[in-house]
Amino acid sequence: MTAQRTALTRYAWLSIAAAIATILLKLVAYLMTGSVGLLSDAVESAVNLFGAVMALVMLSWAAQAADAKHPYGHGKAEYFSSGAEGALIILAAIGIAATAIERILNPRPLEQIGIGLAISLAAAAINLVVARILLRAGRRHNSITLEADGRHLLTDVVTSAGVVVGIGLVIVTGWTVLDPIVALLVSANIVWTGISLIRRSVDGLMDVVLPKEEQEAIERVMAAFRAKRVAFHALRTRQAAAQRFIAVHMLVPGDWTVHDAHHMAEDFEQSLRQTLGEAHITTHLEPIEDENSFHGEAP
């Protein structure tokens, strides 16, 4: 396991600890108040715990070195974690909505609201801090698993905020039905987050191209080398979690020696890595004068 992946698993353990702490806090808040909103909040934290454990497992799996059966490594395992977490978020939202509808049909008075809200806010603060840490680490290490976990925790914060607003409105107006209505609105927002995570996971598993800004960066590098009598075609890119893959045909003058062409390709690959960061680059050299060299254009 690389040092980077070891660091990523530490973030996963942080997420697990936060999930356990918030589950306990929210359950206490629910038992004290009887609020369906707080119960829904606790249910989502339980989903967070499951997602965090899955993230830890998938990060450990993705950290395994390439082998004969998986020559490109195991990085795509992260997409399974992100997709599963998106699905869990949606299931949690459905559970929240079902509980809220039941409470609308059978309203109950809330108790010890002040203490319950204070406990819920403490749990939300824990999730907010950990979510920001995970999102920052996910972007820095290009880990969709940590980013998905961070986004999941942010939805939990949104849930908690909605619950607090709902209970606050109940205190002001005395309308207990507002508690489950707010829970329904929060569940709709959570569904959207889950769908976004699933869509991104599917894109990764289907080998979607690198982001537009990175493709533009590749084009700038190629433009600099075109001034050196080099041409390019059949560019293909994809991303597997933190790993970038780039393949391109590089056309050089036929009178160049193999030594000169090889060094030009090495310079090109080094320039790409300096621009994008670490990447798996495959450069296929061809003579620019041969029209057959232009066959096999990338779609």
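Everything numeric here is computed off the predicted structure, so don't read it as measured data.
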Going by atom type alone, with no hydrogens or angles, which donor-acceptor pairs under 3.5 Å involve a side-chain atom of residues 261-272 and a protein atom two or more places apart or on another chain?
unit_1 : atom_1 : unit_2 : atom_2 : d
His263 : NE2    : His259 : NE2    : 3.2
Glu269 : OE2    : Thr283 : OG1    : 2.8
Ser271 : OG     : Asp267 : O      : 3.0

Treat each ILVMFWY residue as a node, draw an edge where side-chain heavy atoms are under 4.5 Å apart, and state whether [X] and [Y] are in one component.
{"X": "Leu128", "Y": "Ile119", "answer": "no"}
{"X": "Val129", "Y": "Leu14", "answer": "yes"}
{"X": "Leu27", "Y": "Val157", "answer": "no"}
{"X": "Leu121", "Y": "Leu154", "answer": "no"}
{"X": "Leu210", "Y": "Met222", "answer": "yes"}

Where do [X] and [Y] come nearest, in terms of heavy atoms and distance?
{"X": "Gly150", "Y": "Ala131", "answer": "O-CB, 3.6 Å"}
{"X": "Ser15", "Y": "Val130", "answer": "CA-CG1, 4.3 Å"}
{"X": "Gly254", "Y": "Pro287", "answer": "CA-CB, 4.4 Å"}
{"X": "Gly83", "Y": "Ser201", "answer": "N-OG, 2.9 Å"}
{"X": "Leu235", "Y": "Ile246", "answer": "CD1-CG2, 3.9 Å"}
{"X": "Ile126", "Y": "Ala21", "answer": "CD1-CB, 4.5 Å"}

Residues in side-chain contact (heavy atoms from CB on, under 4.5 Å) contact with Leu49, at least two apart in sequence or another chain: Ile16, Ala19, Ile20, Ile23, Val53
Tyr30: which residues meet the side-chain contact (heavy atoms from CB on, under 4.5 Å) condition with it, sequence neighbours left out? Leu38, Leu39
Any pair counted as salt bridge (charged side-chain N to carboxylate O under 4.0 Å, His left out), so long as it reaches residues 217-233, sequence neighbours left out: Glu219-Arg226
Under the salt bridge (charged side-chain N to carboxylate O under 4.0 Å, His left out) rule, what pairs show up with a residue in residues 113-132, not counting sequence neighbours? none
Between [atom1] on residue [X] and [atom2] on residue [Y], distance to nearest 0.5 Å:
{"X": "Met250", "Y": "Glu286", "atom1": "CE", "atom2": "CD", "answer": "11.5 Å"}
{"X": "Thr237", "Y": "Gln215", "atom1": "OG1", "atom2": "CD", "answer": "4.5 Å"}
{"X": "Leu31", "Y": "Lys26", "atom1": "CG", "atom2": "NZ", "answer": "14.5 Å"}
{"X": "Leu134", "Y": "Glu147", "atom1": "CG", "atom2": "CD", "answer": "10.5 Å"}

Contact check, side chains of Ile181 and Leu169, non-hydrogen atoms, under 4.5 Å: no
I would like to know whether Phe232 and Val221 meet side-chain contact (heavy atoms from CB on, under 4.5 Å); could you show each step before the answer? CA-CA 11 Å; Phe232 300 91; Val221 173; over 6 Å; no
Check which hydrophobic residues are tied to Val191 through side-chain heavy-atom contacts below 4.5 Å, counting indirect links as well, and list them. Ile90, Ile94, Ile195, Ile198, Val202, Met206
Tell me, please, whether Trp192 has Arg151 positioned over its six-membered ring: NZ or CZ under 6.0 Å from the ring centre and within 45 degrees of its axis? no
Show the numbers, then the answer: is there a side-chain contact (heavy atoms from CB on, under 4.5 Å) between Thr22 and Leu153? CA-CA 11 Å; Thr22 53; Leu153 286 179; over 6 Å; no
Between Thr275 and Ala217 (side chain of the first, backbone of the second, donor and acceptor by atom type, cut-off under 3.5 Å), is there such a pair? no
